[in-house]
Amino acid sequence: RPPRSTPKPSSAASDVYKRQPVGNAGNISAYWKGFKEYAAAGRASKTPVMYGFQAQGAAPIVNNKIIENPETIATAIRIGNPASWEKATSARDESGGVIDSVSDDEILHAYRYLASAEGIFCEPASAASVAGLIKTSRSGVDLSGSTIVCVITGHGLKDPDTALSVEAVQYEVDPTVEAVGEILSS
């Protein structure tokens, strides 16, 4: 008999899309293994569609070739020959997912968005999952009615140099609660 805290199998009608950065490809592989095991044990009625995102300058899985000198601002995914390459492509294929690439500009846009709109201070590599979601949405893919989970794997202090180099948004306001409230709600 399972412990009391075991969740009941999900019967949600929507598709579940899990998005994460891919460097050495261990995370996407391990998550997929766990999702399959959870479903096989009857604890989930389905598994998510796995989406992985590599930085364009370090996208060996996307390009299907080893990158000798990978380059990207996202240092945690600056990997030219992932250790779990085959497991990652299996996760992608078995789940019906995608491994795609995002540019450094897309990563930095998502990085800034997460900090300014959501209050999430992550490292650039972590922002790759959200950059991938934005890229997918902008391409016209309809994700309405779907459950989307973007994994943020690392705190912003893991890469403080990027935080210091990105131009901060600054506001000058009157020293009143109303003026500050107006800026915060815009």
Side-chain angles (χ1 to χ4, degrees), residues 2-3 5-67 70 72 74-104 106-107 109-111 113-114 118 120 122-154:
S5 63
T6 302
K8 294 187 173 159
S10 170
S11 59
S14 72
D15 288 327
V16 177
Y17 297 93
K18 183 175 174 305
R19 295 162 181 273
Q20 63 267 313
V22 175
N24 232 351
N27 284 344
I28 193 170
S29 306
Y31 281 125
W32 180 242
K33 182 179 188 284
F35 290 133
K36 289 191 310 182
E37 289 175 0
Y38 212 65
R43 295 184 176 181
S45 60
K46 61 184 178 180
T47 55
V49 178
M50 304 294 284
Y51 277 71
F53 294 95
Q54 297 187 299
Q56 278 180 354
I61 296 173
V62 174
N63 296 312
N64 198 30
K65 68 177 185 175
I66 294 171
I67 308 294
T72 176
T75 57
I77 58 173
R78 189 186 296 154
I79 308 291
N81 188 9
S84 298
W85 186 324
E86 288 182 31
K87 290 178 183 177
T89 56
S90 292
R92 175 200 63 200
D93 297 345
E94 291 171 17
S95 73
V98 171
I99 296 178
D100 197 2
S101 64
V102 288
S103 70
D104 280 357
E106 289 169 316
I107 290 169
H109 171 77
Y111 176 82
Y113 169 80
L114 285 165
E118 301 297 334
I120 298 172
C122 67
E123 63 170 324
S126 290
S129 62
V130 175
L133 173 60
I134 294 168
K135 180 179 178 178
T136 301
S137 176
R138 286 182 176 167
S139 74
V141 174
D142 181 13
L143 297 171
S144 56
S146 299
T147 299
I148 300 167
V149 177
C150 292
V151 175
I152 307 297
T153 55

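- R92 has its side chain out of reach of M50: every pair of non-hydrogen atoms, C-beta onward, lies at least 4.5 Å apart.
- Going from atom CG of N24 over to atom CZ of R78 covers 14.0 Å, rounded to the nearest 0.5 Å.
- Without hydrogens or angle criteria, S129 side chain to V151 main chain gives a donor-acceptor distance under 3.5 Å.
- Of all heavy-atom pairs spanning A110 and A131, the tightest one is CB-N, 3.5 Å.
- Every residue meeting the side-chain hydrogen bond (donor to acceptor under 3.5 Å, both in side chains) condition with R19, not counting sequence neighbours, appears here in chain and number order: T136.
- Applying the side chain to side chain contact (heavy atoms under 4.5 Å, CB included) test to A91 and every residue at least two apart in sequence or in another chain returns I28, W32.
- One distance of note links CD of Q56 with CG of N63; it measures 9.0 Å at 0.5 Å rounding.
- Of all heavy-atom pairs spanning P82 and P60, the tightest one is CD-CG, 3.5 Å.
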Please test I152 against V130 for side-chain contact (heavy atoms from CB on, under 4.5 Å), starting from the C-alpha separation and ending with a verdict. CA-CA 8 Å; I152 307 297; V130 175; 4.1 Å; yes

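- I99 has its side chain within reach of Q54: a pair of non-hydrogen atoms, C-beta onward, lies under 4.5 Å apart.
- Once rounded to the nearest 0.5 Å, the distance linking CD1 of I77 with CG of N27 reads 11.0 Å.
- When all heavy atoms of G57 and I67 are compared, the pair lying nearest together is O-CG2, 3.9 Å.
- Residues passing the salt bridge (Lys or Arg N to Asp or Glu O under 4.0 Å) test with K65: none are found, sequence neighbours excluded.
- Under the salt bridge (Lys or Arg N to Asp or Glu O under 4.0 Å) criterion, E86 pairs with no residue, sequence neighbours left out.
- Considering OH of Y31 and NZ of K18, their distance stands at 5.0 Å, rounded to 0.5 Å.
- Nearest heavy-atom pair, A88 versus I61, reported as atom, atom and distance to 0.1 Å: CB-CD1, 4.0 Å.
- Every ring-ring contact (aromatic ring centres under 6.0 Å, His included) that Y17 has, sequence neighbours left out, goes to Y51.
- Under the side-chain hydrogen bond (donor to acceptor under 3.5 Å, both in side chains) criterion, T72 pairs with D104, not counting sequence neighbours.
- Here T153 pairs with S126 under the side-chain hydrogen bond (donor to acceptor under 3.5 Å, both in side chains) rule; sequence neighbours left out.
- In this structure, CD1 in I107 is found 10.5 Å from CD in E123, a value given to the nearest 0.5 Å.
- For I66, the side chain to side chain contact (heavy atoms under 4.5 Å, CB included) partners are E68, N81, W85, not counting sequence neighbours.
- A search for salt bridge (Lys or Arg N to Asp or Glu O under 4.0 Å) contacts involving D100 returns K135, not counting sequence neighbours.
- Listed here is the closest heavy atom pair of F35 and T47: O-CG2, 3.6 Å.
- Listed by first and then second residue, the salt bridge (Lys or Arg N to Asp or Glu O under 4.0 Å) pairs that reach into residues 29-40 are K33-E37, K36-E94, sequence neighbours excluded.
- Listed by chain and number, the residues in a side-chain hydrogen bond (donor to acceptor under 3.5 Å, both in side chains) with S90 amount to none (sequence neighbours excluded).
- When all heavy atoms of P48 and S95 are compared, the closest pair comes out as O-CB, 3.5 Å.
- Remark: E118 pairs with no residue by the salt bridge (Lys or Arg N to Asp or Glu O under 4.0 Å) rule, at least two apart or across chains.
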